[in-house]
There are 2 protein chains.
Amino acid sequence: MVGTWEHIDDAACRRFQGSLELVGQRWSSGILLALARGATRFSEVLELVPGLSGRLLTARLKQLTDADLITRSVIPTTPVQVRYELTERGRELMEALQALVSWGARWESERASATALSGS
Amino acid sequence: MVGTWEHIDDAACRRFQGSLELVGQRWSSGILLALARGATRFSEVLELVPGLSGRLLTARLKQLTDADLITRSVIPTTPVQVRYELTERGRELMEALQALVSWGARWESERASATALSGS
DNA sequence: CTGGATCCCTATCGATACTG
DNA sequence: CAGTATCGATAGGGATCCAG
């Protein structure tokens, strides 16, 4: 049912758009994905997200930390270690986004079959 | 359970990131929201999304059409009418994103109470 | 009404070099 | 290792004007 959207207040709409624009920023989803998959270190994330530069990773991590989606903890060893982890809020966000994966999987296959049909 | 992400293949990850970056583009979510709420005309969407300019609306509508999330149909009246509607794929995307609204509502209230506590 | 074309400006990006 | 600083390139965005 699509009509559900008609009964959502404006505040919810703004949060919705805000969340999407944050997570939809370039690299954001990749970084969250890396963390959800177990990465904790700066360099780990850097390896796991192809094309991502250190500068941008710093910037995104700061944004995501400000949004309370991840935590940053400094471990005073030598050299210093920094751990990044999803917060509870961040983990639940990722759970909410699982629906997008199902959606993507479903429509990817349908598009493929449609292409196959038109090609025959 | 967060570990679910570990068992997702790379193709799904790319789709996931791609979808998010499309929908997370500025105005995209607002436009989809407007359409989900019943808007069909160019000018209607323009009114429903504050701050959106015509130029950008044209651009986003094209992207979303290319992504098969919406359809564009020209009705040969005078003056010409153009209708935009969510496709089945688009509607299901919006359904998948409902989870984000719930997430936003939930954590908005928790953050508010936390603020209240720290303020006392 | 819908939307293309242009100009200009700002934010953002990527690469590189450098610091604790 | 985990950033910060700077810089040139570019893409995105707003305003305005024009056209079917």
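Per chain, numbering begins at 1; letters A, B, ... match sequence-line order. Because the structure is a prediction, the values reported are computed rather than measured.
- Atom C1' of nucleotide D:dT16 and atom CG of B:Leu57 are separated by 17 Å, given to the nearest angstrom.
- For A:Trp103 and B:Phe16, the ring centers sit 6.0 Å or farther from each other.
- With rounding to whole Å, B:Leu61 atom CG is found 14 Å from C:dC1 atom C1'.
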- Where along nucleotides 10-20 of chain C does protein come under 4.0 Å, by heavy atom, of base (B) or sugar-phosphate alone (S), with - for untouched nucleotides? ---BBB-----
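- Under the 4.5 Å side-chain heavy-atom criterion for Ile, Leu, Val, Met, Phe, Trp and Tyr, A:Leu35 and A:Val74 are members of the same hydrophobic cluster.
- A heavy atom closer than 4.0 Å to some atom of DNA chain D occurs in no member of residues 14-24 of chain B.
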May I have the list of side-chain donor-acceptor pairs in residues 38-57 of chain B shorter than 3.5 Å, sequence neighbours left out?
unit_1	atom_1	unit_2	atom_2	d
B:Thr40	OG1	B:Glu44	OE1	3.3
B:Arg41	NE	B:Val82	O	3.2
B:Glu44	OE1	B:Thr40	N	3.0
B:Glu44	OE1	B:Arg41	N	3.0
B:Ser53	OG	B:Leu56	N	3.4

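- In this structure, the side chain of B:Arg91 does not engage the main chain of B:Ala36 through any donor-acceptor pair within 3.5 Å.
- Remark: B:Thr71 engages B:Glu85, B:Thr87 in a side-chain contact (heavy atoms from CB on, under 4.5 Å) (not counting sequence neighbours).
- Side-chain N/O atoms of A:Thr58 include none lying less than 4.0 angstrom from OP1 or OP2 on D:dG3.
- B:Gln63 has its CD atom 13 Å from the C1' atom of D:dG13, to the nearest Å.
- The CG atom of B:Leu46 sits 15 Å away from the P atom of D:dG13 (whole-angstrom rounding).
- Among residues at least two apart or in separate chains, side chain to side chain donor-acceptor pair (under 3.5 Å) pairs with a member in residues 15-30 of chain B are B:Gln25-B:Arg60.
- Using a 4.5 Å heavy-atom threshold, the side chains of B:Leu86 and B:Leu69 count as separate.
- The separation between B:Ile31 atom CD1 and C:dT2 atom P is 14 Å, rounded to whole Å.
- Distance alone, capped at 3.5 Å, is enough to place a donor-acceptor pair between the A:Arg37 side chain and the B:Trp5 backbone.
- Rounded to whole Å, atom P of C:dC1 lies 11 Å from atom CD of B:Gln81.
- The phosphate of C:dG4 (OP1 or OP2) has a side-chain N or O of B:Lys62 nearer than 4.0 angstrom.
- Rounded to whole Å, atom P of D:dC1 lies 11 Å from atom CD of A:Glu44.
- An OP1 or OP2 oxygen of D:dG3 is reached within less than 4.0 angstrom by a side-chain nitrogen or oxygen of A:Tyr84.
- Every residue two or more places apart in sequence or in another chain was checked for a salt bridge (charged side-chain N to carboxylate O under 4.0 Å, His left out) with A:Arg72, and none qualifies.
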